[in-house]
Structure formats: structure tokens, C-alpha cells
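A quick write-up on the structure given underneath.
All residue numbers refer to positions in the sequence shown, counting from 1.
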Amino acid sequence: MATESGNQNTVLWLNSIPLECGIIGLLQFTALPRFSYHQLKKLLSYARSKEKNAYPWMSYSVWLHIAKNKLHLSDEIAWLYFETFDVISDIEVQDRIKLLEMIKKCSSPKELDHLRRRVSVDTLKFILFLYVQNVPHISLKMPMMSGDEWPSPEAEGKKKSSEDAHLSFVKTHLSEILQLLSDNEQWIGAETFRVLEFLISGSPDGTDMYSLVDLALLPSNASDTGYSKDTQMFSIAQLEHWLHANLSISPFGPHAIKSGTRDKKNPCFRSDRSIGRVASNTLLSPVRCRTILLHKVSMQTLAKVIRVTRLHHGCMTGVLDE
């Protein structure tokens, strides 16, 4: 990919899970101004000053106090945001199953509340999760109302997808995101920048995945990202420019699967009645980017054998065998 600066092969894209599965749309609740930059900056400053059970890990007890007294959220909504973030975070599946089993055994609201207060999350990632709640809402009803069928390159050009909307939002707000995470106006530490891996993945060649920090530290990128070996920090201004120049639609996401080349690399599987369709990138993409798209598949046998290759936050990714 050609960019305005740095290595021409560097590719960055947004992780789909936080943006596709982590955005909570509530009719009775508007993210702004509760999750505005200034509000979240104050929330983070409070967590850093409190430290115990607030930074770098925030307990549900501290979040509940902030949510009720600072953000004026109900107990139910506070837990909804906290639990949703915990679900989409990169934690062991067995740990999540264990927690769910413990929650199921709670016999009273008091016992449930006591258990919830034992859960903690990464503070900076949670703040980032709350910030991206401000992304534009894409209605799922529009394709049905417009009569759109299985997406084609022609149809894709007529409407703005969630991928487009999410990419536009992140690129527009990169400066605020970096300033939000950092406690310095001009520099951001490597470990703090690593938090952005919750939202962004990358590759030096469009094939092999690297962590965002490792990618930014490559000799071909280090000068463009403004990294200082002496301070082990990045220049926020240069880092923002590098991210903006290289960030694009995921080469493994729905856009790629729905593209005109999908018949060669990601064939569609049809039922006998040509109603349901399935497209997958599981044979080509890195594990964390594997996706299966289903269209009008219901009340049908999709596969007699499924080999599970990854269980991620309640979403099963597998290979469909004939």
C-alpha cells in the first residue's frame, strides 16, 4: 500500500470486534456528552490519582461509583458497559466460562453484586472502549428497506458500510484518541500506545500480522512514528500522521470478502434452493481476522461437520466441511 510517509508496504486496519460487537446502541441513552473526550479525560485523571482499584486496572466497584455519581448511569447500564468490554477483551475463554458459571449460581441480587465487584478491567482500554461508543450508528434496517441482496461491488458503492463509517470516525479522531490515552501533550509512551492494539492491527506486508507497537518500531517506520530510544516514547504529532497515512479498510474484512475476487479466494456456498449463502476468509486470513458471513441462512443444515479453529468472545469461527 502506498502511503504519504514510511514503508510503502505497511498496512493498518481496524479490529472488527470492538467496533462491530462492542458498540452499545440504547434508544434511551445517548453516548454524548457522557463519553466525550473532556469527560473521559477527567475520568482517567481521577483513576490515575486514585490508583488503588482504579489504575492501571479498574474494578467494577470503582466504575460503578464513577458511573452513578459522575456519569449518572443506572446500575444496569453501568454493568452493561463494563460486561460488554470484558466480553470483547482478549481474555481466556475458560476464565469467562468460569465467571458465567459463578454468576449463574448467585441466589440473590446482593450475592450477584458482590461477585461483580470482584471483576476488574484494563483501565486505558476501557476508556478507549467508552470513547468509541461515539461512532456513527449504522442502521441494520436499511438494507432490508432498500431491498439489497447479497452485497456486490456495485451495491457497495451505493451505500456507506459500517467499515467505512468506523474508519472515517477513527481517522478523524486520531489526535483526540492519542491525547486521551497519554498524560503528556506531545509524547506518548510505548506501553501506553500499546493500548491502541485493542482497536488497530497491522502488517508490514499485508500478510503477516504484527503488534501495532512492534510495527511502529520497525526500522522502516521508526523515523516516521517519531520514536525516541532515549525516552522510549513516540511523538504524538508524527504518530498521528503515520497512523492516518496507513490506516485503511481491513484486507480481511467484509469489504474484502464481498469484493469481486471473492469467487476465486472466498467462494460462496449456496443451499439447494439457492436461498442461503455463506462466504468465509478462514483459509486465507490470520486467526484473529477470520470471518464467516451468512446471508438468509435459517432453518437449514449448514454443515454436518464443523472443525472449530477458534472460540473468541462467544463468536465461533470454524471451517465448514462438505
- Donor-acceptor contact present, side-chain S168 to main-chain D164, <3.5 Å: no
- Please answer: with hydrophobic residues joined when any side-chain heavy atoms are less than 4.5 Å apart, are L100 and L112 in the same cluster? no
- Checking E240 side chain against L178 main chain: does a donor-acceptor pair fall under 3.5 Å? no
- Message: Whether the side chain of T84 engages the backbone of Y81 through a donor-acceptor N/O pair (distance < 3.5 Å, no angle test) should be reported.
- Response: no
- Inter-residue atom distance I66.CD1 - S61.OG, 0.5 Å rounding: 11.0 Å
- Should the ring pair F129 and F198 be called parallel, tilted or perpendicular, given that the plane angle runs from 0 to 90° and is split at 30 and 60? perpendicular
- Task: Evaluate side chain to side chain contact (heavy atoms under 4.5 Å, CB included) for V195 paired with I127, printing each intermediate quantity in order.
- Result: CA-CA 10 Å; V195 172; I127 293 294; over 6 Å; no
- Between D86 and L99, is any pair of side-chain heavy atoms under 4.5 Å apart? yes
- Query: Where the side chain of T192 meets the backbone of I188, is there a donor-acceptor pair that is under 3.5 Å apart?
  - Reply: no
- Item | Least distance between heavy atoms, V132 atom then I23 atom | O-CD1, 3.2 Å
- Message: What I want to find out is whether K104 reaches E101 closely enough, with some N-O distance under 4.0 Å, to be called a salt bridge.
- Response: no
- Message: Per the ring-ring contact (aromatic ring centres under 6.0 Å, His included) rule, what does the pair list look like for residues 88-122, sequence neighbours excluded?
- Response: none
- Task: Please name all residues satisfying side chain to side chain donor-acceptor pair (under 3.5 Å) with K68, sequence neighbours left out, ordered by chain then number.
- Result: D75
- Task: Give, for atom CG of L14 and atom CD1 of I200, the distance between the pair rounded to the nearest 0.5 Å.
- Result: 6.0 Å
- K70 versus L43: any side-chain heavy-atom pair under 4.5 Å? no
- Note on the structure: Excluding W187, membership of its hydrophobic cluster (Ile, Leu, Val, Met, Phe, Trp, Tyr; side-chain heavy atoms within less than 4.5 Å) reads M233
- Message: Can a donor-acceptor pair be found, under 3.5 Å and without considering hydrogens, that links the side chain of T123 to the backbone of P56?
- Response: yes
- Can you list the steps and then say if W242 with L12 is a side chain to side chain contact (heavy atoms under 4.5 Å, CB included)? CA-CA 10 Å; W242 178 75; L12 303 177; 4.0 Å; yes
- Note on the structure: A54 and V62 have their tightest heavy-atom pair at CB-CG1, 3.9 Å
- Can S228 and D230 be counted as having a side-chain donor-acceptor contact under 3.5 angstrom? no
- Message: Restricting to side chain to side chain donor-acceptor pair (under 3.5 Å), what partner residues turn up for E176, sequence neighbours left out?
- Response: Y131
- Message: Testing the basics here: between V213 and A190, what is the closest heavy-atom pair and its distance to 0.1 Å?
- Response: CG2-O, 3.7 Å
- With Y227, which residues qualify under ring pair (Phe, Tyr, Trp, His ring centres under 6.0 Å), at least two apart? F234
- Message: Hydrogens and angles aside, do T10 and N246 bring a side-chain donor and acceptor to less than 3.5 Å of each other?
- Response: no
- Sequence neighbours excluded - ring-ring contact (aromatic ring centres under 6.0 Å, His included) pairs with any residue from residues 93-113: none
- Query: Should H38 and L180 count as side-chain neighbours, where that means a heavy-atom distance under 4.5 Å?
  - Reply: no
- Does a donor on one side chain sit under 3.5 Å from an acceptor on the other, for E20 and S16? no
- Query: Same hydrophobic cluster for M102 and F82, using side-chain heavy-atom links shorter than 4.5 Å among ILVMFWY?
  - Reply: yes
- Mind checking what makes side-chain contact (heavy atoms from CB on, under 4.5 Å) contact with S74, not counting sequence neighbours? E76, I77
- Task: Return yes when atom CD of E111 has more than 12 non-hydrogen atoms of other residues, nucleotides or ligands closer than 6.0 Å, and no otherwise.
- Result: yes
- Note on the structure: Here the side chain to side chain donor-acceptor pair (under 3.5 Å) pairs for residues 177-186, sequence neighbours left out, are none
- Could you tell me which residues satisfy side chain to side chain donor-acceptor pair (under 3.5 Å) with N69, sequence neighbours excluded, listed by chain and number? H65
- Query: Out of curiosity, L128 CG to I177 CD1, how far, rounded to the nearest 0.5 Å?
  - Reply: 6.0 Å
- Task: For side chain to side chain contact (heavy atoms under 4.5 Å, CB included), just list the numbers for M209 and D214, CA-CA rounded to whole Å, side-chain angles, deciding distance to a tenth of an Å, and then say yes or no.
- Result: CA-CA 10 Å; M209 284 187 66; D214 290 343; over 6 Å; no
- Note on the structure: Interatomic distance, CG@D113 vs OG@S108, rounded to 0.5 Å, equals 9.5 Å
- For K171, all residues meeting side-chain contact (heavy atoms from CB on, under 4.5 Å), sequence neighbours excluded: L167, H244, L247
- Message: Please enumerate all residues that pass side-chain contact (heavy atoms from CB on, under 4.5 Å) together with A78, with sequence neighbours excluded.
- Response: Y60, W63, L64, A67
- Message: Does Y210, at its OH atom, have more than 12 non-hydrogen atoms belonging to other residues, nucleotides or ligands within less than 6.0 Å?
- Response: no
- Could you please spell out the steps behind the side chain to side chain contact (heavy atoms under 4.5 Å, CB included) verdict for W13 and I249? CA-CA 6 Å; W13 61 86; I249 292 293; over 6 Å; no
- side-chain contact (heavy atoms from CB on, under 4.5 Å) against K42, all qualifying residues, sequence neighbours excluded: Q39
- How many angstroms lie between CG in N134 and OG in S36, if you round to the nearest 0.5 Å? 7.5 Å
- Task: Working to the nearest 0.5 Å, report the span between CZ of R34 and CG of L130.
- Result: 12.5 Å
- Message: Counting C-beta onward and ignoring hydrogens, is there a side-chain heavy-atom pair between R116 and W79 closer than 4.5 Å?
- Response: yes
- Can you tell me if N15 uses its side chain to pair, donor with acceptor, with the backbone of E197 under 3.5 Å? yes
- Message: Do L115 and W57 land in one hydrophobic cluster if side-chain heavy atoms of ILVMFWY residues count as linked below 4.5 Å?
- Response: no
- Return the minimal non-hydrogen interatomic distance between P204 and L218, and the atom names on each side. CB-CD1, 4.0 Å
